[in-house]
*Asks:* 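Following this message is one structure expressed as structure tokens.
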Amino acid sequence: MGAAALTLLLGACAGQPSGQADDARAQQPAPSSPGTGLDRFYRQKPAFKPCDPRLPPGAPPVKAECARLKVPLNYRNPTGKQAEIALLRVPARGKDPIGSLVLNPGGPGFPGTDHAALIAAVWATSPITERFDLIGFDPRGVGASTPALNCYTDAERDRGAKLSSIPAGLDDWTEQQTRRLLQQCAERSGGTQVLAHVGTRDVARDMDVLRQVLGDAKLTYAGTSYGTRLGAVYAEMFPKNVRALILDGAMDPLAGTHERRIQQATGMQAAFERLAASCATQQDCPLGTNPGRATKTFQKLVRPLIGKPARTSDGRGLTFQEAIEGVQTALYNKASWPTAITGIIDLRTGKGDTLLKLRDSYHGRSTDGVYPDSLEATMAINCLDEERHTPRQETALNRAWYKAAPFTDPGLPVKQARDACEHWPVKPTLGYPYATDIKGLPDTLTVSVTGDAITPHQGGINLAKALGGSLLTVEGEQHGALLTNNTCINNTVATYLIDLRTPAEGTRCEL
């Protein structure tokens, strides 16, 4: 999910030295493997030209440059079809830059170009932007990169086009529909060959080309949410090319698809219950004064939407699934809880505008009904990253999800759910567990929020341990922490990125 623009203030937060400063451009970038046919990609010199990034209202202006990077669609066939990766660079403010800081906002499926501009605006006075060029890129298949992943029209999205098997019981995929999904994704995205080469391992290879093209001997990287998977996979594939990795809101590298999604469902239910407890302290709380009964109270409000959507001012109506998505969106950040509570209050009188607006913000829908392809890209990329489920396994996942997160349960029998990817042209390419037993990797820094509903804290602990790196624990209620207005986090991150000094074991910050 996209991050909001926040003010960054650097402050004091003690850290323990564990390394020495290292200039990412101090040595000549390592050439690509001889005989692979990739040399021409690694030797590119993209033509950066001034461009105007999209920034939220009120954000300070950013001077940015844009370019495009060519990479092979299939790294096993470097003379075949190519992809082009959209790049955005915000040059370092100082006269003594260390190198480039490559950024990824998560998803998978969210573009990184505008994200880099946002980071530059938020970190406008940070020593990080003084010492690093900030680099954003739209991963292959995403955003302005080509070919781009596209599975649905805007009208189909407005009609509730499915992006996941959950919630089962409402409108389950049939085998014919999953075949049709593959067909329309291929037709609208450039063919099955494109769908076969958009996984994280492909993107990690692209990122290594980008590293050398930028002139960096080693990669300095900061990724949030899915961006932690990308960073960890890069570390697994290119450990000797890593200078520093910030991994914020970590995906658990040890948990397979079923286990991790249930971890997420459990985290969402816990966050919903904390939202309900907060609501219970207020007058006229729509979830009641007993947080232990909040889930049942909420179910009574949203389950009628299955047969009769709540009215909205634009005439679209609010369905059950859209109401659930609206509340889930608010669970990303405690600051959004009041909006969700207002939306639930509105449901009591049959109004759905507030929750629909929350849902639309997650989907990126504009007021004129235009959707970005981000969540469609998420679905297609996950077809290569996640474990492929049989109908029996997908049905079991849905039942386990509702048990772990009953506030999302429509109360209908789960008969048979199907994996959207069951007919994808290739098998998944990521593999579980990943990023374990890596040799020669320098110290990394995982940042993990204790109340993160989307990527629960245990996943951050597991990732830091798997990489043999450092962990910064953050007490708070939100998904990820890099863009928070928190001096402890900011200072710890800056010290690590610039001086390669990680915090002492057990260091904690508080939001």
Side-chain angles (χ1 to χ4, degrees), residues 29-48 66-88 102 104 107-109 111-113 135-151 179 181-214 219 226 229-230 233-234 236-238 241 373-374 376-386 388 420-431 434:
S32 60
S33 301
T36 61
L38 298 175
D39 292 34
R40 63 194 178 105
F41 296 103
Y42 276 85
R43 292 172 180 169
Q44 290 176 81
K45 296 187 181 299
F48 281 94
C66 294
R68 300 186 73 81
L69 177 75
K70 293 183 178 181
V71 294
L73 184 63
N74 180 357
Y75 275 85
R76 293 184 177 180
N77 181 22
T79 61
K81 188 174 180 179
Q82 296 179 6
E84 285 196 358
I85 309 301
L87 307 177
L88 182 141
V102 177
N104 181 277
T113 47
I135 304 294
F137 71 102
D138 295 354
R140 55 172 57 207
V142 173
S145 293
T146 56
L149 293 165
N150 179 14
C151 297
R179 289 185 184 277
L181 176 68
L182 168 64
Q183 179 184 351
Q184 65 191 41
C185 287
E187 289 174 352
R188 298 169 185 179
S189 305
T192 56
Q193 185 181 8
V194 174
L195 302 183
H197 295 288
V198 291
T200 294
R201 294 195 179 278
D202 295 295
V203 179
R205 292 183 176 93
D206 295 343
M207 202 155 63
D208 196 58
V209 174
L210 175 60
R211 170 199 58 78
Q212 184 159 316
V213 164
L214 294 171
L219 176 74
Y226 161 80
R229 171 180 285 176
L230 177 57
V233 170
Y234 182 90
E236 177 193 298
M237 296 174 67
F238 303 100
N241 292 353
D373 295 331
S374 297
E376 295 158 52
T378 297
M379 179 174 64
I381 294 165
N382 279 338
C383 285
L384 295 182
D385 277 7
E386 300 296 344
R388 195 75 47 80
C421 313
E422 63 181 2
H423 296 297
W424 226 246
V426 294
K427 294 180 180 180
T429 55
L430 178 60
Y434 57 87

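Predicted model only: the values in this text are computed from it and were never measured.
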*Asks:* Report yes if some heavy atom in the side chain of Val213 is under 4.5 Å from a heavy atom in the side chain of Tyr42; otherwise report no.
*Replies:*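 No, every pair of side-chain atoms sits at 4.5 Å or beyond.
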
*Asks:* Hey, mind stepping through Asp206 and Arg140 against side-chain contact (heavy atoms from CB on, under 4.5 Å) and telling me if it holds?
*Replies:* CA-CA 8 Å; Asp206 295 343; Arg140 55 172 57 207; 2.7 Å; yes

*Asks:* For the residue pair Gly136 and Thr113, what are the closest heavy atoms and their distance?
*Replies:* O-CG2, 3.8 Å

*Asks:* Between atom CG of Asn74 and atom CD of Gln82, what is the distance when rounded to the nearest 0.5 Å?
*Replies:* 12.5 Å

*Asks:* So, the side chain of Ser145 versus the backbone of Ala86: is there a donor-acceptor pair under 3.5 Å, distance only?
*Replies:* yes

*Asks:* Would Met237 and Tyr434 count as a side-chain contact (heavy atoms from CB on, under 4.5 Å) here? Give the steps.
*Replies:* CA-CA 10 Å; Met237 296 174 67; Tyr434 57 87; over 6 Å; no

*Asks:* Check whether any side-chain heavy atom of Met207 sits under 4.5 Å from a side-chain heavy atom of Leu219, and report yes or no.
*Replies:* yes

*Asks:* If you apply the rule side chain to side chain donor-acceptor pair (under 3.5 Å), what do you find for Tyr226 with Thr200, and how did you get there?
*Replies:* CA-CA 10 Å; Tyr226 161 80; Thr200 294; 2.6 Å; yes

*Asks:* Could you walk me through whether Thr79 and Asn77 pass the side chain to side chain donor-acceptor pair (under 3.5 Å) check?
*Replies:* CA-CA 6 Å; Thr79 61; Asn77 181 22; 3.3 Å; yes

*Asks:* Does a side-chain heavy-atom distance below 4.5 Å link Val102 with Leu214?
*Replies:* yes

*Asks:* Could you check if a side-chain atom of Asp373 sits within less than 4.5 angstrom of a side-chain atom of Leu149, using non-hydrogen atoms only?
*Replies:*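 No, every pair of side-chain atoms sits at 4.5 Å or beyond.
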
*Asks:* Checking the side chain of Gln44 only, and the main-chain atoms of Lys70 only, is there a donor and an acceptor separated by less than 3.5 Å?
*Replies:*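 Yes; judged by distance alone, with no hydrogens or angles, the pair exists.
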
*Asks:* Determine, for Lys427 against Glu422, whether the closest basic-nitrogen to carboxylate-oxygen distance falls under 4.0 angstrom.
*Replies:* no

*Asks:* Below 4.0 angstrom, N of the basic side chain to O of the carboxylate: do Asp208 and Arg205 qualify?
*Replies:* no

*Asks:* State, to 0.1 Å, how close Pro147 and Val194 come at their nearest heavy-atom pair, and which atoms those are.
*Replies:*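 It is CG-CG2, 3.6 Å.
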
*Asks:* Return the set of residues passing salt bridge (Lys or Arg N to Asp or Glu O under 4.0 Å) with Arg179 (not counting sequence neighbours), or none when no residue passes.
*Replies:*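 Counting only residues at least two positions away or on another chain, Arg179 forms a salt bridge (Lys or Arg N to Asp or Glu O under 4.0 Å) with Glu175.
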
*Asks:* Go through Arg68 and Phe48 one step at a time and tell me if the side-chain contact (heavy atoms from CB on, under 4.5 Å) criterion holds.
*Replies:* CA-CA 8 Å; Arg68 300 186 73 81; Phe48 281 94; over 6 Å; no

*Asks:* Please give me the minimum heavy-atom distance between Val142 and Pro111, naming the atom from each residue.
*Replies:*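 Looks like CG1-N, 3.6 Å.
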
*Asks:* How long is the straight-line distance from CH2 of Trp424 back to SG of Cys185, given to the nearest 0.5 Å?
*Replies:*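 Here the interatomic distance stands at 4.0 Å.
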
*Asks:* Can you tell me how far apart CZ (Arg388) and CG (Asn382) are? Round to the nearest 0.5 Å.
*Replies:* 11.0 Å

*Asks:* Do His197 and Tyr75 have side-chain heavy atoms sitting under 4.5 Å apart?
*Replies:* no

*Asks:* Taking side chain as C-beta onward, heavy atoms only, is Cys66 less than 4.5 Å from Leu88?
*Replies:*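 They are in contact (side-chain heavy atoms under 4.5 Å apart), so the answer is yes.
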
*Asks:* Glu376 and Asn150: which non-hydrogen atoms are nearest, and at how many Å?
*Replies:*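 Shortest heavy-atom separation between Glu376 and Asn150 comes out as OE1-OD1, 3.1 Å.
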
*Asks:* Under a 4.0 Å threshold between the charged nitrogen and the carboxylate oxygen, would Arg229 count as salt-bridged to Glu236?
*Replies:*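 No, this pair does not count.
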
*Asks:* Which residue is it: Leu38, Leu73, Val71? I am looking for the one with a side chain to side chain contact (heavy atoms under 4.5 Å, CB included) to Pro78.
*Replies:* Leu38

*Asks:* Counting C-beta onward and ignoring hydrogens, is there a side-chain heavy-atom pair between Met379 and Cys151 closer than 4.5 Å?
*Replies:*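 With C-beta onward as the side chain, the pair touches.
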
*Asks:* Roughly how far, to the nearest 0.5 Å, is SG of Cys383 from CG of Leu182?
*Replies:*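 Taking CG in Leu182 and SG in Cys383, the distance rounds to 8.5 Å.
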
*Asks:* Nearest 0.5 Å, please: how far is CG in Leu87 from CD1 in Ile85?
*Replies:* 8.0 Å

*Asks:* Are the side chains of Asn104 and Pro139 in touch, meaning some heavy atoms are under 4.5 Å apart?
*Replies:* yes

*Asks:* Please report the shortest heavy-atom distance between Gly109 and Ile381, naming the atom on each side.
*Replies:* N-CD1, 4.0 Å

*Asks:* From Leu210 CG over to Ile135 CD1, what is the distance, rounded to the nearest 0.5 angstrom?
*Replies:*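 Between Leu210 CG and Ile135 CD1, I get 6.5 Å after rounding to 0.5 Å.
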
*Asks:* List in chain and number order the residues that pass ring pair (Phe, Tyr, Trp, His ring centres under 6.0 Å) with Tyr234, two or more places apart in sequence or in another chain; answer none if no residue qualifies.
*Replies:*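 With sequence neighbours excluded, Tyr234 shows a ring pair (Phe, Tyr, Trp, His ring centres under 6.0 Å) to Phe238, given in chain and number order.
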
*Asks:* Search all heavy atoms of Asp138 against all heavy atoms of Gly112 and return the closest pair with its distance.
*Replies:*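 Of all heavy-atom pairs spanning Asp138 and Gly112, the closest is OD1-N, 3.0 Å.
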
